[in-house]
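Lettering of chains follows the sequences in order, A, B, ..., and the numbering in each one begins at 1. Keep in mind that this is a model prediction, so the values were computed, not measured.
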2 protein chains.
Amino acid sequence: MDVADRLVFSRSRLRRGDCLYRAGERFSSLYAVRNGFFKSTAMLDNGRDQVTRFSMTGEVLGLDGIGPERHSCNTIAVEDSEVCAIPFAGLQALAQEIPSLQRHFFKMMSREIEREHGVMLQLGSMNAEERLAMFLLDLSQRFAARGYSRSEFNLRMTRADIGSYLGLKLETVSRTFSKFQEQGLIVVQQKWIRIRDSAALKRVMGRERN
Amino acid sequence: MDVADRLVFSRSRLRRGDCLYRAGERFSSLYAVRNGFFKSTAMLDNGRDQVTRFSMTGEVLGLDGIGPERHSCNTIAVEDSEVCAIPFAGLQALAQEIPSLQRHFFKMMSREIEREHGVMLQLGSMNAEERLAMFLLDLSQRFAARGYSRSEFNLRMTRADIGSYLGLKLETVSRTFSKFQEQGLIVVQQKWIRIRDSAALKRVMGRERN
DNA sequence: CGGTTTCTTGATTGGGATCAATAGGAGTGG
DNA sequence: CCACTCCTATTGATCCCAATCAAGAAACCG
């Protein structure tokens, strides 16, 4: 029996600013992003909330909810978007019967651990330029993986969102973009970015620290 | 058939400084810490490596290896320790047959995502005092959960390890401990710590930021 | 013991936060 | 289409926390 026959995939559209799910809500589905762009924010103990990830077409949202059975972050569309909801109960039952699906799942979750881990880890020891360089290269690579241009794209999010994600203030983000532009690494105009010298960006990112 | 009948749990002892597994090695087992204390370090792209977690008795090590099928960090005993190796292949096969085990597993991994996430996230927006306060309270809580004293314990790791984990330099760790001691929040003498006012530490940790 | 690692404390520096002011776009309604 | 407002981005000036450099002291260990 085919997976698609057993699971009901419901699609839904969201407009810019709409919330896909909120922290604390009961977890029931994973979401595949069909198109658009999302940001997830987590409320820290102190009340401020921080952007924890950006998600684009082809990526899966909601894995964080499986353990606690509640969503642990808010996920908001930063532009008009469309998602496909995958009921987790059904997926889990199916994994019980299909070994390869279970394996796939274990792997996907483990990779998730990895990814978050990796990004956040690196940030800790990086200065502003390194963070921004990493951010741009990460976006570039993900756009490329989805068939979009690797060197030219629109940042869908604001400077404040980028800053929150990277642990910088929006002024620093802006200043650093300007600096990169002066150095000829990128061209930036508002949300539009063109990467002119990705090798140099990699060098900025990899600058050794001690 | 009982789980213990199907899985071979092999125990091994490690001495201070011994390596349980290294990044890049083929992943085959998870490890339950029976006693002792471990630190995990991950090599960043730039060559420096950073402490990513400390693990104590009763905690599970190695989840990060499931996806890539290789360990992605080095794990080293910081004192004489003993672990129990759990072959992952067997565990996976068993999860295929026992729904509750599969569920338990999904949850454990998801919680792992959460935990790392939470800690690292918070760090980004915290200053040195807040980081140290959080670190002490986290350790205190974990010791308490294992039946040890909540208010008095030995830090097994060095100041440099703590600093690496928290994204601070060892001098800052030392200075901040001293400051806490002056304020009467803790008593510190080398690796020995006594928490005198955990409420105050919580207040330090929760100090609002903007 | 001497040698090594670990910890503490002081002096100075620098990168990013903060405060502040202006400019640029986007959306709305007349 | 323009005028108005709001949100977002840029840039400058100043300040502060933690890094860095440096020197000792304390503990650990063969």
Side-chain angles (χ1 to χ4, degrees), chain A residues 15-17 37 39 46 48 50-51 76 78-80 123-136 154-183 186-193 204 207-210, chain B residues 15-17 37 39 46 48 50-51 76 78-80 123-136 154-183 186-193 204 207-210:
Chain A
R15 317 209 41 173
R16 177 164 184 259
F37 210 89
K39 70 172 174 184
N46 55 62
R48 298 280 331 135
Q50 172 168 351
V51 175
I76 295 153
V78 298
E79 62 177 8
D80 294 357
L123 289 183
S125 64
M126 287 175 142
N127 66 24
E129 289 181 33
E130 292 162 342
R131 289 175 197 217
L132 252 303
M134 181 187 206
F135 174 73
L136 289 175
N154 273 290
L155 300 171
R156 267 79 166 199
M157 69 299 278
T158 67
R159 300 286 188 266
D161 285 337
I162 297 171
S164 172
Y165 179 65
L166 295 176
L168 300 170
K169 292 293 150 184
L170 70 93
E171 294 95 326
T172 305
V173 173
S174 185
R175 264 185 251 279
T176 308
F177 275 152
S178 299
K179 186 183 286 183
F180 283 168
Q181 181 160 242
E182 281 164 32
Q183 294 169 348
I186 64 175
V187 181
V188 52
Q189 190 175 4
Q190 302 285 127
K191 293 206 170 6
W192 181 83
I193 292 273
V204 168
R207 182 133 46 233
E208 66 208 70
R209 281 167 292 286
N210 43 353
Chain B
R15 317 207 42 170
R16 176 165 184 257
F37 210 88
K39 70 172 175 185
N46 55 65
R48 299 282 330 138
Q50 172 168 352
V51 175
I76 295 153
V78 297
E79 62 178 9
D80 294 357
L123 289 182
S125 65
M126 287 174 143
N127 66 24
E129 290 183 32
E130 292 162 341
R131 288 174 199 218
L132 252 303
M134 179 187 207
F135 174 74
L136 289 175
N154 273 291
L155 300 172
R156 267 78 167 198
M157 69 299 278
T158 67
R159 300 287 188 267
D161 285 338
I162 297 171
S164 172
Y165 178 66
L166 296 176
L168 300 171
K169 291 294 150 184
L170 69 93
E171 295 95 324
T172 305
V173 172
S174 185
R175 264 185 251 279
T176 308
F177 276 151
S178 298
K179 185 182 286 184
F180 283 169
Q181 180 160 243
E182 282 163 32
Q183 295 170 345
I186 64 174
V187 182
V188 54
Q189 191 175 3
Q190 302 287 125
K191 293 205 168 13
W192 182 83
I193 292 273
V204 168
R207 181 132 49 235
E208 63 209 75
R209 281 165 293 286
N210 42 354

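Contacts of B/Q183 classified as side chain to side chain contact (heavy atoms under 4.5 Å, CB included), with partners at least two apart in sequence or in another chain: B/K179, B/F180, B/L185. Residues that satisfy the side chain to side chain contact (heavy atoms under 4.5 Å, CB included) test with B/R156, not counting sequence neighbours, are B/F37, B/V78, B/E79, B/F143. Partners of A/F177 under the ring pair (Phe, Tyr, Trp, His ring centres under 6.0 Å) rule, at least two apart in sequence or in another chain, do not exist in this structure.
At whole-Å resolution of the value, CZ in B/R16 and C1' in C/dT6 are 10 Å apart. Here the P atom of nucleotide D/dC17 and the CZ atom of B/R131 are 14 Å apart, to the nearest Å. Distance NZ (B/K169) to C1' (C/dT9): 18 Å, rounded to an integer number of Å.
Listed nucleotides: C/dG24, D/dA18, C/dA17. Nearest to the side chain of B/N127: D/dA18.
Not one side-chain nitrogen or oxygen of A/T172 sits closer than 4.0 Å to the OP1 or OP2 atom of C/dG16. Phosphate contact (OP1/OP2 of D/dT8, side-chain N/O of A/K191, threshold under 4.0 Å): absent.
A donor-acceptor contact under 3.5 angstrom links the side-chain atoms of A/E171 to the base of C/dC19.
Taken residue by residue, residues 174-183 of chain A places heavy atoms nearer than 4.0 Å to DNA chain C at A/R175. The stretch residues 154-162 of chain B touches DNA chain C through B/T158, B/R159, each having a heavy atom under 4.0 angstrom from the strand.
Five base pairs at each end of the helix from C/dC1-D/dG30 to C/dG30-D/dC1 define two local axes, and these are offset by 50° (rounded to 10°).
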